[in-house]
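All chains are named by letter (A, B, ...) in the order of the sequence lines, taking the proteins before the strands, and each is independently numbered beginning at 1.
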Number of protein chains: 4
Amino acid sequence: MPTLPTLCDIASSARAKRERRKDARPGELLAAALELFVEKGFAATRAEEVAKLAGVSKGTLFLYFSSKEELFKAVVRENISGRFSEWSAELETFEGNSADLLRYCMTAWWERVGSTKASGISKLMMSEAGNFPELAAFYQEEVVKPGNDLIRRVLQRGVDSGEFRQLNVEYGVYLLLAPMMFLALWRHSLGPCVAGNGELDPIAYLNTHIDNLLLGLTVRTPAAPNAS
Amino acid sequence: MPTLPTLCDIASSARAKRERRKDARPGELLAAALELFVEKGFAATRAEEVAKLAGVSKGTLFLYFSSKEELFKAVVRENISGRFSEWSAELETFEGNSADLLRYCMTAWWERVGSTKASGISKLMMSEAGNFPELAAFYQEEVVKPGNDLIRRVLQRGVDSGEFRQLNVEYGVYLLLAPMMFLALWRHSLGPCVAGNGELDPIAYLNTHIDNLLLGLTVRTPAAPNAS
Amino acid sequence: MPTLPTLCDIASSARAKRERRKDARPGELLAAALELFVEKGFAATRAEEVAKLAGVSKGTLFLYFSSKEELFKAVVRENISGRFSEWSAELETFEGNSADLLRYCMTAWWERVGSTKASGISKLMMSEAGNFPELAAFYQEEVVKPGNDLIRRVLQRGVDSGEFRQLNVEYGVYLLLAPMMFLALWRHSLGPCVAGNGELDPIAYLNTHIDNLLLGLTVRTPAAPNAS
Amino acid sequence: MPTLPTLCDIASSARAKRERRKDARPGELLAAALELFVEKGFAATRAEEVAKLAGVSKGTLFLYFSSKEELFKAVVRENISGRFSEWSAELETFEGNSADLLRYCMTAWWERVGSTKASGISKLMMSEAGNFPELAAFYQEEVVKPGNDLIRRVLQRGVDSGEFRQLNVEYGVYLLLAPMMFLALWRHSLGPCVAGNGELDPIAYLNTHIDNLLLGLTVRTPAAPNAS
DNA sequence: CATGAATGAGCTTTCATTCAT
DNA sequence: GATGAATGAAAGCTCATTCAT
């Protein structure tokens, strides 16, 4: 015998739907916040905008995050998922010479990070590190160190195989890192200001760096005078 | 024989002391502004703080700089763009090969800008460019363009003289710029978070970059295979 | 039989009360603003005072009016320009001779504007026009022009029907306007200083003007020499 | 025997010159203040501007007038010199009919007051009466009353001679006053905002008023049906 | 006396945060 | 839980007024 839903049924179904939405809320808010923080910076992003983009009211945001600062921390933490293990595996299984590996690494970084919203996180950290020291330490530990390790292993691979000259890999890391970071930051700060004329083509920029990097790193055999 | 100061002396000394203070004010304000802008960012620095640090009242600041933005521009001019002509002259009169010039440039940058508070300005612009388009445009015009020009001339000198290989100097500029900018940004953002352990030695960092840069740029004569 | 309010009733009543306050706010703020603008002038009235008089906080004012100038414009619309269409309709449907219409217009102006706080707005604009060109332009467009048009139509009606003599209505407008404006200005400036002795009776003042105005305007038939 | 001027001589001569200038100072400041107050209003006129226009420093202004308000009072008092006795005499000796006298009065007012800076004083008083009640009372006594008396006598002259119809001269005064005051105020407030199109020609404006005024006032003999 | 550098109260506007509904 | 009206602490800038010189 079919029964009409009771008030209680309706309430519980509404509650169920609401709880389902409730679970999704933080994620929607974090996504909205990431979008806006990256686009406009922390200070210039208004809490209300984040709420609106997430489709909730201003008050709701503060239900889930006790302050704008806490929201920021959550955004950064959320988006620093370690894709490092995956990359580490790729590095391990890469077949080919180290020059190609290095080139592959920087190109892959551009495709997967540099050109995406993820690079905005780097910019955010650079900008706000001073205001969020704990967060900076966290980022340092979770991103900078593993990232540097990865790069270091690429260099060490080349040195060990005799493809690259001897060098202090601790500092050599920055030969790769600096160009990538500069590009990421540039694209999220002054870059957009020169849109139109004199704009930077990321691919050409990276290739210029990679080419010169390898010219400097690669050991050239005396027998074959620089044919490059 | 000691003489008593004349009436005229007294008057002029009085005026002199007053004028000395007046003349000193802008410099004191600029120093205070640089300090705070670099430490806290442009938006987060309150005009009153700058005034207080310079030992004057809020109103006095606006006696010398018509707005906070003008104050910022003055800071930039004082610390960076005002010095390009001097650097340009140095470049013009440099005697020696282009590799040495390049090395000299990057070292000099470190000593005069990178290691000083002035390097914070670069970080500042990266952080705030999006929110202050007018400042970004100003910086672009007064710092980025002339700075790039300077670097381009160094590269072109080497290419023209046959010391450096042929390369697109437009992008080659970033071979020098990226390492310097990354260092400046790092030292004013995440750098301070790792103070003590694993800290970056700027000199070693720069030398690593310079060495590899020159290895990549320099044309090696086939007759004397990589003598480096 | 009385019924308990349902859940829905309670909810809607709660919302209703909130919304009623929200709906009432603009009106309360406009009333407060009119009061203070008229009493102290536009520039000398602080936004916070308006808010306080309306029983809300400073911030709330800007929730409803995006700036002090917009608040002023809203006050003008509410009290003057928003009522022109009604007046225009009255003019259109008035039955009676043009002398009576003219008399009716000036009397109605006194009752609806001149004797109310709204007349302070005219004084306000006269005082502040020079310092707030945008407001002056707004007032010109929203009040002066439509107001003059209205008066012009009254005159034209009389001329067209042969009741009034031929005259340049463009300037004739001021035959009505000047007396009304002078009264408004007087009552909000020097008038209050002579309160008690020698004070101006507005009705007598206006009637004196109207009577003489009509004596001057009305065409007297030669057959019945001044029957007035 | 000629003597070199002693220090004391020099000082006293300097003192003499300075005292001469000192005597002139208040007048120069008052003139400058009148100019600016009339042009921009009381609040919008900065003390420093007044000082500069008078050719002295900001501090000096406050040496002669203890505050901006005192300066304003002095300006108004200074510029309300009674030219009334002169006008009264003119009125007394005027030969011609009263219509011509009335016409002459209003025209003369325009030439001597309305079109000159002096009319700015009226506008100032209207604008600032609320903020300077004592001043308003003073103005009332020194300007408004004598002025009204003068006008009243013109009307009374016409009524006594039978040229003008019977009317309550107490209120009749405003038949002349309102048009003149409106013109003065208009020209110093909203008038300048419509410069170019629809601007008011003062002469045409006044003539329109005078013509209608006289048509209304003048007794027309039944024998000569309105030939006007 | 005269100066003008210095002051700081005061103004409009913004926005993170709260809380009655 | 969710809402959004309300709050009030800031912040940049102005300018009458003071006072050391």
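Partners of F132(D) by ring-ring contact (aromatic ring centres under 6.0 Å, His included), not counting sequence neighbours, listed by chain and number: F42(D), F72(D). Checked against side-chain hydrogen bond (donor to acceptor under 3.5 Å, both in side chains), E49(D) has the following partners two or more places apart in sequence or in another chain: K40(D).
In this entry the distance linking NZ of K52(B) with C1' of dA11(F) reads 14 Å, nearest Å. Taking atom CG on N131(C) and atom P on dT14(F), their separation rounds to 16 Å, with Å as the unit. Between the CZ atom of R25(B) and the P atom of dG4(E) there is a distance of 17 Å, rounded to whole Å. Computed from coordinates, the E48(A) CD to dT7(F) P distance equals 16 Å when rounded to whole Å. dT17(E) atom C1' lies 16 Å from atom CD of E49(A), rounded to whole Å. Here dC15(E) presents its P atom at 15 Å from CG of L61(A), a figure rounded to the nearest Å. Nucleotide dC13(F) holds its C1' atom 13 Å from the CG atom of L71(B), rounded to whole Å. Nucleotide dA16(E) holds its P atom 17 Å from the CZ atom of F62(C), rounded to whole Å.
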* To do: Let me see the working for V76(A) and F37(A) under side chain to side chain contact (heavy atoms under 4.5 Å, CB included), right down to the final yes or no.
  => CA-CA 10 Å; V76(A) 174; F37(A) 284 157; over 6 Å; no
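Remark: E48(D) CD is loosely packed, at most 12 non-hydrogen atoms of other residues, nucleotides or ligands lying under 6.0 Å away.
Residue whose closest nucleotide on DNA chain F sits further toward the 5' end, between G55(C) and A47(B): G55(C).
Nearest to the side-chain atoms of K68(D) among the listed nucleotides dG12(F), dA16(F), dA6(F) stands dA16(F). Ranking dT12(E), dT17(E), dA16(F) by closeness to the S67(A) side chain, first place goes to dT17(E). The side chain of L63(C) lies closest to dA5(F) when the candidates are dT7(E), dA5(F), dT17(F). Among dA6(E), dA16(F), dA2(E), the nucleotide with an atom closest to any side-chain atom of Y64(B) is dA6(E).
Between L71(A) and L30(A), some side-chain heavy-atom pair lies under the 4.5 Å cut-off. Residues R77(B) and F138(B) are in side-chain contact: their nearest non-hydrogen atoms beyond the backbone lie under 4.5 Å apart. Residues E78(B) and V75(B) are not in side-chain contact: their nearest non-hydrogen atoms beyond the backbone lie 4.5 Å or more apart. Two residues are said to be in side-chain contact when any heavy atoms from C-beta on lie closer than 4.5 Å; S57(B) and T60(B) meet this criterion.
Note that CG of N79(A) is 12.5 Å distant from CE of M125(A), once rounded to the nearest 0.5 Å. Between atom CG of residue L63(D) and atom NZ of residue K58(D) there is a gap of 14.5 Å, rounded to the nearest 0.5 Å.
Of the possible donor and acceptor atoms, one in the side chain of K68(C) sits under 3.5 Å from a partner among the backbone N and O of T45(C).
Counting non-hydrogen atoms under 4.0 angstrom, S66(A) reaches nothing in the nucleic acid.
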* Structure fact -> Note, DNA chain E 5' to 3' with Watson-Crick or G-U pairs under 3.5 Å encoded as ( ), [ ], | and . gives .||||||||||||||||||||
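Residues of residues 30-39 of chain B having a heavy atom closer than 4.0 Å to DNA chain F: none are found.
Sequence neighbours left out, the pairs with a member in residues 123-135 of chain D that pass salt bridge (charged side-chain N to carboxylate O under 4.0 Å, His left out) are K73(D)-E134(D).
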Sort me out a list of protein N/O and nucleotides 8-10 of chain F N/O pairs below 3.5 Å, or just none if empty.
residue, atom, partner, partner atom, Å
dA10(F), N6, K58(C), NZ, 3.1

